[in-house]
Visitor: 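Input: one structure, supplied below.
Every number for a ligand or one of its atoms is a count from 1 in the order of the listing.
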Amino acid sequence: MIIKTLKFAAVAVAVSASLSFSAIASATTEIKAAFNQSDKHPQFIALQEFGEKLNTETDGRYKLTIYPNALLGDQRAALELVQNGAIQMAMVANPLVENYDKTFRVLGMPYIYTGSKHQEKVFTSGELDTLFSSTQKFGFEVLTAYTAGARSMYTKKAPVTNIADMKGMKIRVMQSNTMIKILDCMGGTGVPMSQGEVYTAIQQGVLDGAENNEITYADLKQYEVAPYFSATRHLMVPDLLIVSSDFISTMSEEDQVTLRRLAKESTPAQFKMWNDRIDSAKATAKSKGATFTEVDIKPFQQSCQKLQEELIETEEQKALFKKIVSMG
Ligand code: GCU
C-alpha cells in the first residue's frame with residue numbers, strides 16, 4: 001500500500017514537472033539570428049551578451065540563438081529570410097541595406113569617419129534612429145549598427161602602396177554598386193561576391209585580392225592566399241543588426257521597447273571588443289606569414305573625393321553626410 005502510494009506520488013510529480021516544463025517551453029520564443037562569421041568574432045560575442053540580457057529582462061519570454069559561419073546562408077539570403085519572416089534577425093553589412101535605400105550609402109562612404117571614436121559617436125548619437133526605423137516598409141527594421149573596423153586592401157603578389165599598384169587588379173568587393181565604384185577610385189576593379197567565395201577565388205587566381213578588416217582577414221585565414229595586407233583604411237562600413245517587422249510586431253509594446261533599447265546599448269561594448277581584438281588578429285596573421293604595410297592614404301583620399309560628391313544625390317544624403325562629418 002505504502003509502495004503504491006509512493007509510486008503514485010512519483011508519477012504525479014513527474015507529470016506535473018513535465019507539464020510545467022512544457023508550459024515554460026511554450027512561453028519562450030526563439031529568435032533565430034543569422035551571422036556570417038565565427039563564434040569567436042567580437043560581433044558574435046556582443047550579440048550573445050545582448051541575447052542574454054534580453055532573456056533576463058523579458059523574464060525568459062525570448063531566447064536568442066545565433067547561427068554563425070553563414071549556416072543560414074550568405075548575408076543577402078539572410079536578409080531575405082528576415083524580410084519574409086523565416087528567421088527573426090540577421091547581422092548584415094551596410095551595402096546590403098543600401099540596396100533598398102540609398103540614404104544608407106552615406107554611412108559607408110570612403111574616408112567619412114576620422115576613426116573608431118568618430119564612428120562610435122555617430123552610431124550611439126540617436127541621429128540614425130529615423131533612418132533605421134524607415135526600413136520597416138521593406139519588412140525589416142535596423143536595430144543598431146556595429147563596427148567592423150576599417151577595411152584595407154590585401155593582395156596575393158605584392159603590397160599596394162599607391163594608386164598605380166592597383167592598376168588591373170581584380171579585387172573582391174561586397175555586393176553593391178557603391179563598392180564597385182569605390183574600387184574604381186582606388187585604382188582597381190571591383191568584383192562583387194559573397195564573403196564565403198573569396199578564399200577560393202583568390203586561390204584560383206580569379207581575384208588578385210580582396211579588401212576587409214584585420215579581424216575578418218585573420219579569422220577567415222585569407223592571409224594564406226593573400227599575404228600582403230596594405231593599410232589603405234579606405235572604408236569603415238558598418239554592420240547592421242536587423243529584425244523582421246512581422247516578428248517584432250508580435251511582441252508586446254514593452255518587450256519591443258526592451259529589444260530596441262538592449263540592441264542599442266550593445267553597440268559601445270561591441271566597439272570595445274572590436275578594438276581589443278585587432279592586435280591579436282594582426283599577430284595571428286603575421287605569425288602565419290602575412291606582411292602588414294603602412295600606406296600614405298592621402299592620394300587615395302584625394303582620388304575618392306570626387307566619388308564622395310558623386311555618391312551624394314539626395315537632400316537626405318546631403319543632410320546625413322553633413323551631420324556625420326560635423327561629429328568628427
Ligand atoms: C566584414 C563585415 C561583414 C561582411 C564582410 C564582407 O567582415 O563585418 O559583415 O560580410 O566584411 O566583406 O563580406
Side-chain angles (χ1 to χ4, degrees), residues 33-47 66-82 89-99 104 107-108 110 113 116 119-120 123 140 142-155 170-183 186 188 190-202 207-223 225-226 229 232-242 266-267 270-271 273-275 277-278 281-282 284-285:
F35 185 58
N36 75 338
Q37 305 192 55
S38 87
D39 58 359
K40 306 282 178 299
H41 192 276
Q43 293 180 352
F44 183 96
I45 299 164
L47 271 183
I66 314 163
Y67 292 80
N69 303 314
L71 281 170
L72 300 178
D74 68 12
Q75 291 188 338
R76 195 146 57 173
L79 196 153
E80 283 168 17
L81 291 176
V82 168
M89 279 191 187
M91 182 64 75
V92 296
N94 186 68
L96 282 287
V97 176
E98 181 197 319
N99 291 336
F104 279 85
L107 300 180
Y113 306 100
S116 181
Q119 195 183 49
E120 183 172 348
F123 291 179
F140 64 90
V142 179
L143 290 170
T144 196
Y146 276 4
T147 192
R151 298 174 79 95
S152 290
M153 296 291 164
Y154 45 89
T155 40
K170 291 198 280 308
I171 303 289
R172 177 269 172 171
V173 291
M174 286 185 276
Q175 294 139 303
S176 93
N177 287 336
T178 310
M179 295 297 123
I180 299 174
K181 287 185 182 159
I182 288 167
L183 239 291
M186 302 288 291
V191 181
M193 69 172 68
S194 85
Q195 179 62 266
E197 299 166 76
V198 178
Y199 185 102
T200 318
I202 301 177
L207 296 172
D208 299 295
E211 49 87 58
N212 217 315
N213 59 68
E214 299 86 346
I215 295 176
T216 300
Y217 178 61
D219 278 1
L220 301 183
K221 297 189 167 54
Q222 295 192 348
Y223 49 75
V225 288
F229 190 102
T232 47
R233 312 180 66 78
H234 51 282
L235 288 170
M236 291 188 78
V237 180
D239 284 318
L240 305 174
L241 178 61
I242 59 166
S266 69
T267 289
Q270 190 270 329
F271 265 86
M273 288 176 208
W274 185 276
N275 291 325
R277 261 293 303 283
I278 296 178
K282 280 172 88 170
T284 305

Visitor: Please state which protein non-hydrogen atom is closest to atom 7 (O) of ligand 1 and give its distance, to 0.1 Å?
Guide: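 Nearest neighbour among protein heavy atoms for atom 7 (O) of ligand 1, to 0.1 Å: Thr216 OG1, 2.8 Å.
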
Visitor: Just need the protein heavy atom nearest to atom 4 (C) of ligand 1, so name the residue and atom and give the distance.
Guide: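 Sorting protein heavy atoms by distance from atom 4 (C) of ligand 1 puts Gln75 NE2, 3.8 Å first.
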
Visitor: Against heavy atoms of Asn36, which atoms of ligand 1 measure under 4.0 Å?
Guide: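 Those qualifying, in numeric order: 10 (O).
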
Visitor: Passes salt bridge (charged side-chain N to carboxylate O under 4.0 Å, His left out), Lys282 versus Glu214? Steps please.
Guide: CA-CA 6 Å; Lys282 280 172 88 170; Glu214 299 86 346; 5.2 Å; no

Visitor: Which of the numbered atoms in ligand 1 are below 4.0 angstrom from a heavy atom of Asn213?
Guide: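 Every atom of ligand 1 under 4.0 Å from some heavy atom of Asn213: 1 (C), 7 (O).
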
Visitor: List the closest protein heavy-atom neighbour of atom 1 (C) of ligand 1: residue, atom name, distance to the nearest 0.1 Å.
Guide: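 Checking every protein heavy atom, the shortest distance to atom 1 (C) of ligand 1 gives Asn212 OD1, 3.3 Å.
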
Visitor: Given Arg151, Met174, Arg172, identify the one with the heavy atom nearest to atom 11 (O) of ligand 1.
Guide: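 Looking at heavy atoms only, Arg151 sits closest to atom 11 (O) of ligand 1.
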
Visitor: Considering heavy atoms of the protein only, find what lies nearest to atom 6 (C) of ligand 1 and give residue, atom and distance to 0.1 Å.
Guide: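 Atom 6 (C) of ligand 1 sits closest to the protein heavy atom Gln195 NE2, 3.1 Å.
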
Visitor: Run the numbers for me: atoms of ligand 1, each under 4.0 Å from some heavy atom of Ala148, listed by number.
Guide: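 By the 4.0 Å cutoff, the relevant atoms are 8 (O).
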
Visitor: Is a donor on one side and an acceptor on the other found under 3.5 Å between the side chain of Arg151 and the backbone of Glu211?
Guide: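 Judged by distance alone, yes, a pair lies under 3.5 Å.
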
Visitor: Is there side-chain contact between Asn94 and Met174, with heavy atoms separated by less than 4.5 Å?
Guide: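 With C-beta onward as the side chain, the pair stays apart.
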
Visitor: Do Gln43 and Leu47 have side-chain heavy atoms sitting under 4.5 Å apart?
Guide: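 No. Closest side-chain heavy atoms not under 4.5 Å.
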
Visitor: For the CZ atom on Arg233, are there more than 12 heavy atoms of other groups (residues, nucleotides or ligands in this structure) within a distance under 6.0 Å?
Guide: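 No, because the 6.0 Å sphere around CZ of Arg233 holds 12 heavy atoms or fewer from other groups.
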
Visitor: Which ligand 1 atoms are under 4.0 Å away from a heavy-atom of Asp239?
Guide: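 Matching atoms, with element in brackets: 2 (C), 3 (C), 8 (O), 9 (O).
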
Visitor: Please write down residue, atom name and distance for the protein heavy atom closest to atom 3 (C) of ligand 1.
Guide: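 Among all protein heavy atoms, the one nearest atom 3 (C) of ligand 1 is Gln37 NE2, 3.3 Å.
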
Visitor: For Ile180 and Pro192, which heavy atoms make the closest approach, and how far apart are they?
Guide: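 Ile180 and Pro192 have their closest heavy atoms at CD1-CG, 3.9 Å.
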
Visitor: Around Asn177, counting heavy atoms of other residues, nucleotides and ligands shown, do more than 12 lie under 6.0 Å from its CG?
Guide: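 Counting neighbours around CG of Asn177, 12 or fewer heavy atoms of other residues, nucleotides or ligands fall under 6.0 Å, so no.
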
